[in-house]
Amino acid sequence: MDEYYNGKISLVTGANSGIGYAVAEELLKRGSVVYLAGRNPEKIARAAAQLSTYGDRVHTLVMDVTEQEQVQQGIEKTAAEAGRLDFLFNNAGVGGTIPFEQASLEDWKTIIDTNIWSVIYGVHFAMPIMLGQGSGHIVNTSSIAGIIPPPFQALYSLTKYGVTGMTECLKYEFAEKGIHFSTICPANIATAIFNKSIDGKAHGDLRIPDDAYPVEKAAALILDRVAEQRGIIVVPEDPNTDAWRGYVLGDQEVEAQLYQMARERREAFEKGGTYF
Ligand SMILES: NC(=O)c1ccc[n+]([C@@H]2O[C@H](COP(=O)([O-])OP(=O)(O)OC[C@H]3O[C@@H](n4cnc5c(N)ncnc54)[C@H](OP(=O)(O)O)[C@@H]3O)[C@@H](O)[C@H]2O)c1
């Protein structure tokens, strides 16, 4: 597995925290040169400092993924400096669990810019480099909400279904050109995403769930499956996350669970309490 990453050049967006940071660290453990990208210069410098044991294989980029020019510059700088770009992890993203009635149009724009345009920019500017090399692997982070629709996550699911669809299409389109595509679909990984909300207001329980999967284990599983050149990669791999297969096939039990989840969330929301 490590051979897949050893000596390769990787760029990870949203690398200052959560899954992005853990994937960056795991890539370093597996011998990759890693460009950690983040929008906040202090946060990304702090993340790089925490990884200083990996020496000159650690690099930083200041990149707000909603800004086309910053994404272009970051990707092109990496390839120019390192001589190539083997892996692009389009990981940066924001959550969006919010009742539809409370979502402003500004919220829809923010989430589309952050979760969809970031991926379009990344793929758009990495592809000419990878096609020129005749190799590369683009790993886009979707969500379990990008293959099954959790109620009260319409904003988020819109963006993540978009990421899944785009990435899967490209996987087939470029298979014979030596460019690989994977879609990461995390579910309940213990990161700060649970402590944040799209508009800064608490719409529910902003705590990391007790049963959330450890982020380091998630990162190791992600890299194992990416090295196998899998398309859709659900993390963690367990019977709960497998429910998406039943949903796609119209399984009535899964449908009933989603209606039940909607009722519980709606009820809690109308009582003014937390709903997830
Ligand atoms: N944790 C889960 O259970 C879960 C489930 C499904 C999908 N995901 C997906 O996994 C990815 C990583 O999330 P996470 O769980 O690791 O949460 P996280 O710790 O909040 O990480 C999100 C990262 O994205 C960055 N980011 C947000 N907007 C950005 C922007 N405009 N430009 C550059 N960076 C930006 C954040 O930077 P700042 O620190 O500057 O905000 C942060 O580093 C996201 O795409 C998320 O949707 C996570």
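Here the structure is a predicted model, which is why all the values come from computation and not from measurement. When a ligand or atom number is given, it counts from 1 through the structure's own listing order.
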Subject >> Atoms in ligand 1 flagged as close to F194, the criterion being non-hydrogen separation under 4.0 Å >> reply: 3 (O)
**OP:** Give a yes/no on ligand 1: does M63 have at least one heavy atom closer than 4.0 angstrom to it?
**Re:** yes
Original post:
Closest non-hydrogen protein atom to atom 26 (N) of ligand 1, residue and atom name please, with distance?
Top reply: A92 CB, 3.9 Å
Original post:
atom 13 (O) of ligand 1: which protein heavy atom is closest, and how many Å away?
Top reply: I193 CD1, 3.9 Å
Subject >> Taking atom 4 (C) of ligand 1 as the reference point, the nearest protein heavy atom with its distance >> reply: P186 CB, 3.9 Å
Original post:
Relative to the heavy atoms of T141, which atoms of ligand 1 are at a distance of less than 4.0 Å?
Top reply: 9 (C), 10 (O), 11 (C), 45 (O)
**OP:** For atom 36 (C) of ligand 1, state whether the nearest protein heavy atom is under 4.0 Å away.
**Re:** no
Subject >> Worked verdict on Y5 versus F87 for ring pair (Phe, Tyr, Trp, His ring centres under 6.0 Å) >> reply: CA-CA 9 Å; Y5 302 102; F87 294 98; 5.1 Å; yes
Original post:
Hey, which atoms in ligand 1 end up nearer than 4.0 Å to a heavy atom of T66?
Top reply: 31 (N)
Original post:
So is there a nitrogen or oxygen of I189 less than 3.5 Å from a nitrogen or oxygen in ligand 1?
Top reply: yes
Subject >> Check: D113/T66 side-chain N/O donor and acceptor closer than 3.5 Å >> reply: no
**OP:** Would you check whether S17 has a nitrogen or oxygen atom less than 3.5 angstrom from a nitrogen or oxygen atom of ligand 1?
**Re:** yes
**OP:** May I ask whether Y156 places a heavy atom under 4.0 Å from ligand 1?
**Re:** yes
Subject >> Any side-chain donor near an acceptor of the partner, R84 and S135, under 3.5 Å >> reply: yes
Original post:
Does ligand 1 have a heavy atom under 4.0 Å from the side chain of S142, from its backbone, from both, or from neither?
Top reply: backbone
Original post:
Starting from atom 32 (N) of ligand 1, which protein heavy atom do you reach first, and at what distance in Å?
Top reply: V65 N, 3.0 Å
Original post:
Is the backbone N or O of L85 less than 3.5 Å from a side-chain atom of Q133, with the two atoms forming a donor-acceptor pair by type?
Top reply: yes
**OP:** Please lay out, stage by stage, how E67 and Y121 fare under the test side chain to side chain donor-acceptor pair (under 3.5 Å).
**Re:** CA-CA 9 Å; E67 297 291 335; Y121 294 147; over 6 Å; no
Subject >> Subset of ligand 1 atoms that lie under 4.0 Å from at least one heavy atom of G93 >> reply: 22 (C), 24 (O), 27 (C), 44 (C), 45 (O)
Original post:
Under 4.0 angstrom from ligand 1, any heavy atom of S118?
Top reply: no
**OP:** Give the residue, atom name and distance (to 0.1 Å) of the protein heavy atom nearest atom 48 (C) of ligand 1.
**Re:** I19 CD1, 3.8 Å
Original post:
So, D211 and N188: side-chain donor and acceptor under 3.5 Å apart, yes or no?
Top reply: yes
Original post:
Atoms of ligand 1 less than 4.0 Å from T114 heavy atoms?
Top reply: 28 (N)
Original post:
Considering only protein heavy atoms, which is closest to atom 31 (N) of ligand 1, and at what distance to one decimal place?
Top reply: D64 OD1, 3.0 Å
Original post:
Judged by modelled atom types alone, do N140 and T167 share a side-chain donor-acceptor pair under 3.5 Å?
Top reply: yes
Original post:
Testing I75, N91, L61 for side chain to side chain contact (heavy atoms under 4.5 Å, CB included) with T13, which one passes?
Top reply: N91
**OP:** Answer yes if the side chains of E69 and Q73 hold a donor-acceptor pair under 3.5 Å, and no otherwise.
**Re:** no
Original post:
So among C185, S157, S142, which one has a side chain to side chain contact (heavy atoms under 4.5 Å, CB included) with I147?
Top reply: C185
Original post:
Does any N or O atom in G20 lie less than 3.5 angstrom from one in ligand 1, N or O only?
Top reply: no
**OP:** Flag this pair as yes if the NZ/CZ of K8 is under 6.0 angstrom from the six-membered ring centre of Y4 and inside a 45 degree cone about the axis; otherwise no.
**Re:** yes
Original post:
Hey, mind stepping through L11 and F89 against side-chain contact (heavy atoms from CB on, under 4.5 Å) and telling me if it holds?
Top reply: CA-CA 6 Å; L11 194 166; F89 288 82; over 6 Å; no
**OP:** For atom 27 (C) of ligand 1, state which one of E42, K160, Q70, R39 supplies the nearest heavy atom.
**Re:** R39
**OP:** Determine whether the side chains of T241 and D238 contain a donor N or O and an acceptor N or O closer than 3.5 Å.
**Re:** yes
Original post:
Using 30° and 60° as the class limits, which term best fits the ring planes of F174 and F181: parallel, tilted or perpendicular?
Top reply: tilted
**OP:** Enumerate the atoms of ligand 1 whose separation from the nearest heavy atom of K43 is less than 4.0 angstrom.
**Re:** 38 (P), 39 (O), 40 (O), 41 (O)
**OP:** For G18, take its heavy atoms, then give the atoms of ligand 1 lying under 4.0 Å from any of them.
**Re:** 16 (O), 19 (O)
Subject >> Which of the ligand 1 atoms, numbered from 1, are nearer than 4.0 Å to a heavy atom of N16 >> reply: 37 (O), 38 (P), 39 (O), 43 (O)
Subject >> Nearest-neighbour protein heavy atom for atom 14 (P) of ligand 1, which is reported as residue plus atom name and distance >> reply: T191 OG1, 3.4 Å
Subject >> Side chains of T164 and T183, donor plus acceptor under 3.5 Å >> reply: no
Subject >> For atom 20 (O) of ligand 1, closest protein heavy-atom neighbour >> reply: K196 NZ, 2.5 Å
Original post:
Quick check: does A15 get an N/O under 3.5 Å from an N/O on ligand 1?
Top reply: no
Subject >> Test: R30 and E26 ion pair at under 4.0 Å >> reply: yes
Subject >> Side chain, backbone, both or neither: N91 near ligand 1, heavy atoms under 4.0 Å >> reply: both
Subject >> Under 3.5 Å: N/O of N188 near N/O of ligand 1 >> reply: yes
